[in-house]
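One structure is given below, encoded as structure tokens.
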Amino acid sequence: NESNLSDVNVTLYDEANVSQGTIATDINGTYHFTDLIPGKYHIEVALVDNHGQTYVVSPMSVTTANDINDSDINASGVAREEVLISAEHNMNYDAGLYIPVSIGDYAWSDADGDGIQDASESPIKDVNVTLYRVEDNGTITDIGSKDTNISGGYLFDNLVPGKYFVEMIHPEHFRPTKQDVGADTNDSDINITGFTDIFTLASPDDNLSIDGGYYELAEINGTVTEDTDNDDLGDTPIKDVNITLYDENSKEVASTLTLI
């Protein structure tokens, strides 16, 4: 469901690189130069429209076997030269443009472990975040890595629209909290291995809600002793007593033996 772009100026040049006129694309994204004599021509497409919006050019001629649905301009907005013969109508001189997209947001310490960002919970700096792009052929491209700033934030900008996912490396003594338990603006999007699901960005939409919540590892410990005089004060530590830890659902979490 890609949109046509209006008010983008297209200029036609002849073989001598003399302008034959400029036309702004209409509401359907089309332009039309008529009454041309046979010869060599090329178009140049403005990368800033008549409302001041800047665009980036899509890859050129990616479907060489089917010229009717690919883009014919290079990164500067200039198309290759075409030859028009008498009575010819070339209606496939096209330009693909897009507005770059951005991905980012936040890493935080989920103190209560509920997977939701609370006002009292703190950001975590220096969380390493890597962005990956899923190419059309299924291969994965590493776009780059950044560390979260002092406010827990990160941002990847000037991106090509497409499919992406994020990996966050948890800090020492932290583990990922629950994934996708609330609204996307205030929950955590990473799974227990630190990866998000694959998501798609279409121009001009940004996704600034890819968050990572972490809880800090806690510990429970104590001592098992023999109360030899029954005064409720431990007197002698007891070795090799089996201790089992359960969560709130009575599920066994871990077990250990007391040491000497």
Side-chain angles (χ1 to χ4, degrees), residues 1-10 25-31 42-49 53-82 90-106 127-147 154-169 176 179-180 184-185 187-212:
N1 296 325
E2 294 177 324
S3 301
N4 298 318
L5 298 178
S6 62
D7 290 322
V8 175
N9 285 339
V10 180
T25 55
D26 62 22
I27 193 171
N28 298 311
T30 60
Y31 69 93
H42 76 272
I43 61 168
E44 296 187 12
V45 179
L47 302 185
V48 179
D49 69 16
Q53 175 63 59
T54 299
Y55 294 92
V56 175
V57 178
S58 301
M60 180 181 179
S61 299
V62 296
T63 57
T64 54
N66 188 1
D67 195 47
I68 64 173
N69 66 350
D70 67 1
S71 181
D72 301 303
I73 61 172
N74 64 23
S76 299
V78 180
R80 64 183 180 275
E81 194 172 64
E82 295 279 351
N90 186 337
M91 308 302 289
N92 301 319
Y93 224 8
D94 305 315
L97 307 175
Y98 67 88
I99 300 172
V101 296
S102 298
I103 295 169
D105 210 23
Y106 183 66
V127 175
N128 187 256
V129 184
T130 301
L131 179 66
Y132 299 92
R133 175 179 169 85
V134 182
E135 306 296 348
D136 291 340
N137 62 4
T139 60
I140 306 299
T141 300
D142 183 338
I143 301 301
S145 298
K146 296 184 177 184
D147 291 336
Y154 73 94
L155 179 68
F156 295 92
D157 55 8
N158 293 317
L159 300 171
V160 176
K163 294 180 179 180
Y164 292 90
F165 64 94
V166 166
E167 178 188 16
M168 295 187 182
I169 305 299
Q179 181 186 24
D180 292 334
D184 202 42
T185 56
D187 68 358
S188 181
D189 300 295
I190 57 172
N191 61 26
I192 58 174
T193 62
F195 288 91
T196 69
D197 296 332
I198 294 173
F199 53 91
T200 301
L201 279 185
S203 177
D205 298 329
D206 299 322
N207 191 334
L208 302 180
S209 61
I210 303 298
D211 306 311

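Fair warning: this is a prediction, and the values are worked out from it, not measured in the lab.
- Interatomic distance, CG of Asp105 versus CG of Asn207, reported as 8.5 Å (0.5 Å rounding).
- Summarising the local packing, CD1 of Ile192 is surrounded by 12 or fewer heavy atoms from other residues, nucleotides or ligands at distances under 6.0 Å.
- Of the N and O atoms on the side chains of Asp184 and Ser209, at least one donor lies less than 3.5 Å from an acceptor on the other residue.
- For the pair Leu97 and Val56, the minimum side-chain heavy-atom distance is 4.5 Å or more.
- In terms of heavy-atom proximity, Asp26 sits nearest to Ser6 at O-CB, 3.1 Å.
- Environment of CG in Asp136: sparse, with no more than 12 heavy atoms of neighbouring residues, nucleotides or ligands closer than 6.0 Å.
- Side-chain atoms of Ser188 never come within 3.5 Å of backbone atoms of Gln179 as a donor-acceptor pair (strictly under, hydrogens ignored).
- No side-chain heavy atom of Ile210 sits under 4.5 Å from any side-chain heavy atom of Tyr164.
- Using the six-membered ring where Trp is involved, Tyr132 and Phe165 have ring planes that are parallel, under 30° apart on the 30 and 60° scheme.
- Counting heavy atoms from C-beta on, the side chains of Leu159 and Ile143 come closer than 4.5 Å.
- A donor-acceptor distance shorter than 3.5 angstrom exists from the side chain of Arg133 to the backbone of Pro161, with no hydrogens or angles considered.
- Between the Asp211 side chain and the Asp189 main chain, no donor and acceptor come within less than 3.5 Å of each other.
- The two residues His42 and Arg80 come nearest to each other via the heavy atoms CB-O, 3.8 Å.
- More than 12 heavy-atom neighbours from other residues, nucleotides or ligands sit within 6.0 angstrom of NZ on Lys146.
- To the nearest 0.5 Å, atom OG1 of residue Thr25 and atom CG of residue Asn9 are 8.0 Å apart.
- Asn191 and Thr193 share a donor-acceptor pair across their side chains, judged by distance under 3.5 Å alone.
- Phe199 has its side chain within reach of Ile103: a pair of non-hydrogen atoms, C-beta onward, lies under 4.5 Å apart.
- Considering CG of Leu131 and CE of Met168, their distance stands at 10.5 Å, rounded to 0.5 Å.
- Judged by distance alone, with hydrogens and angles left aside, the side-chain atoms of Asp72 form a donor-acceptor pair with the main-chain N or O of Asp94 at under 3.5 Å.
- With a 4.5 Å cut-off on side-chain heavy atoms, Leu5 and Tyr55 count as touching.
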